[in-house]
Amino acid sequence: MNSSIPFNKPELSGNEIQYIREAIDRGHISGDGFFSKQCAQLLERQLGVAKVLLTTSCTHALEMAALLLNICPGDEVVVPSFTFVSTVNAFVLRGAVPIFADIRPDTLNLDEAHLPRLLSERTKAIVPVHYAGVGCEMDAIMRIAQANEISVVEDNAHALFGKYRGKYLGTFGALSTLSFHETKNFTCGEGGALLINDARFVERAEIVREKGTNRSRFFRGQVDKYTWVDIGSSFLPSDLLAAFLWAQFENREGIQRRRQVVWDRYQQHLQEWAARQQVRLPFVPPVCEQPYHMFYILLPSLEQRQALIAHLKARQIQAVFHYLPLHLSAMGKRFGGKPGDCPVTEDVSDRLLRLPFYSGLKEDDQSRIIESITQFCS
Ligand SMILES: Cc1ncc(COP(=O)(O)O)c(C=O)c1O
């Protein structure tokens, strides 16, 4: 009897437990302790970002972005329909109206060609998502945003250390967000970060993240007491989580190397079968360097996708679909979404299948997955 192969498997990469112990020994397990600073500084240095603030999730980093941009009821925010709910919900929480953009059929990223007709005088932000870690067409998106004085918030949940034209994803927009959820390349279970590229947001971001107080300035000795100065919430993670994350960051090159091996093996061994079965494999434009976050395939139809899920499940292999079109969700419909608004999203959502993908995926397990897939004939 074969053992089951999950879609995702969180793993210790080395010193996670030791560093959690160390955080306790240091006597500081609330937010912004030693390990939080280590993580933030590493990201600031490597990405060249003005300021990095760890958060409890990417969802919370997006909510911070909406607060920092002063999103008000009636403001419009352009988002891809093919994304996780938080990309949109964070702005809707402030009263924004989501304007759903369709995606490009090749990278499955927000289609920049649609932007001009989706913008209006009320547009406050464009939120591109670098799906599967592959960069959106940031040159065009930034050009359109700048010409219309609209802020860009990159939802970079999938794309830490990915690049577009040699520049790190997450460093284009005024703000961008990361996720350290257990399905991401680097994790602490639940976690995230706000990357601040426009330094004008730094001071207020620290306040918003600390319950609307100037506590960060107080801890740096810049004020002699701290008080309530703005709206905000509690968006900072415990240093216990940052300790776990730091161990993962320490091994970032090894983690990325192992993920690349897994990605390349899928690509290499599924190519012939995919061509025969009219299945499409991921497309990575030459201007993009991907961080090997995900491996998906696009089946010819919904029926074939469902049949392959069942075929793999019968062999104890868990493969999963991904986003349902947000414009057709219960909330999306309340904003006027209807079938046909984003045809590429609607089509891709039916046909996409994500294969088991994690840095510790063993070679013989991956061979079993590949063999099971290539035995499947639609
Ligand atoms: C594109 C995207 N944005 C945001 C999120 C939310 O991340 P988190 O679970 O860290 O809040 C996810 C979750 O997977 C995501 O895929």
Side-chain angles (χ1 to χ4, degrees), residues 7-10 36 39 43 52-67 77-93 96 98 100-101 103-104 107-110 125-136 138 141 152-162 169-170 172-173 175-195 209 233-238 241-242 244-245 248-249 282 290-296 320-327 329 331-332 342 345 348-349 352 354 357-358:
F7 167 68
N8 179 58
K9 195 164 162 190
S36 300
C39 291
L43 293 174
V52 172
L53 296 173
L54 289 194
T55 57
T56 32
S57 63
C58 183
T59 300
H60 273 164
L62 287 159
E63 287 177 23
M64 282 184 68
L67 283 163
V77 176
V78 178
V79 289
S81 175
F82 191 65
T83 184
F84 191 71
V85 59
S86 300
T87 317
V88 184
N89 194 56
F91 296 89
V92 170
L93 267 174
F100 293 108
I103 51 172
R104 295 172 56 109
T107 56
L108 316 186
N109 282 330
L110 185 149
I126 301 170
V127 192
V129 176
H130 306 299
Y131 185 71
V134 175
C136 294
M138 291 314 292
I141 292 172
V152 170
V153 178
E154 294 173 75
D155 181 338
N156 203 28
H158 301 183
L160 176 56
F161 302 135
L169 296 169
F172 290 85
L175 301 166
S176 69
T177 63
L178 299 176
S179 174
F180 304 122
H181 180 262
E182 75 168 19
T183 49
K184 303 304 185 290
N185 295 24
F186 309 98
T187 181
C188 54
E190 300 276 359
L194 180 71
L195 311 186
R209 178 168 167 267
S233 190
S234 185
F235 291 119
L236 63 173
S238 157
L241 289 174
F244 193 104
L245 186 62
Q248 302 246 315
F249 278 172
Q290 59 149 332
Y292 303 98
H293 173 55
M294 182 196 301
F295 197 94
Y296 66 80
V320 295
F321 58 87
H322 211 184
Y323 308 129
L324 300 174
L326 281 177
H327 68 286
S329 64
M331 270 300 278
C342 298
T345 301
V348 160
S349 171
L352 185 139
R354 292 184 293 160
F357 198 97
Y358 41 93

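First listed ligand is number 1; within each ligand, the first listed atom is number 1. No hydrogens, no waters, no symmetry mates; every other heavy atom, side chains included, goes into these values.
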Could you tell me whether [X] approaches ligand 1 through its side chain, its backbone, both or neither, with non-hydrogen atoms closer than 4.0 Å?
X	result
Phe82	neither
Ala157	side chain
Thr177	neither

Taking the side chain as every heavy atom from C-beta outward, state whether [X] and [Y] have any atom pair closer than 4.5 Å.
X	Y	answer
Phe295	Pro282	yes
Leu195	Leu175	no
Thr87	Phe82	no
Tyr292	Phe161	no

Considering non-hydrogen atoms of the protein only, which is the closest contact for [atom], and what is the distance?
atom	value
atom 3 (N) of ligand 1	Asp155 OD2, 2.7 Å
atom 10 (O) of ligand 1	Ser179 OG, 2.8 Å
atom 7 (O) of ligand 1	Cys58 CB, 3.3 Å
atom 11 (O) of ligand 1	Thr59 OG1, 2.5 Å
atom 16 (O) of ligand 1	Tyr323 OH, 2.7 Å
atom 15 (C) of ligand 1	Phe84 CB, 3.4 Å

Between Thr183 and His181, do the side chains contain an N or O donor and an N or O acceptor separated by less than 3.5 Å? yes
Thr345 and Ser81: side-chain donor and acceptor closer than 3.5 Å? no
Relative to the heavy atoms of [X], which atoms of ligand 1 are at a distance of less than 4.0 Å?
X	value
Val129	1 (C)
Thr83	1 (C)
Ser57	10 (O), 11 (O)

Where does the angle between the aromatic ring planes of Phe186 and Phe249 fall among parallel (under 30°), tilted (30 to 60°) and perpendicular (over 60°)? perpendicular
Does even one non-hydrogen atom of His60 get within less than 4.0 Å of ligand 1? no
Report yes or no: does a heavy atom of Gly191 sit under 4.0 Å from some atom of ligand 1? yes
Quick one: are the ring centres of His158 and His293 less than 6.0 Å apart? yes
Which option wins on minimum heavy-atom distance to atom 13 (C) of ligand 1: His181, Glu182, Lys184? Lys184
Of His60, Glu63, Met64, the one forming a side-chain contact (heavy atoms from CB on, under 4.5 Å) with Leu194 is Met64
Hey, could you give me the OH/OG distance between Tyr323 and Ser329, rounded to the nearest 0.5 Å? 14.0 Å
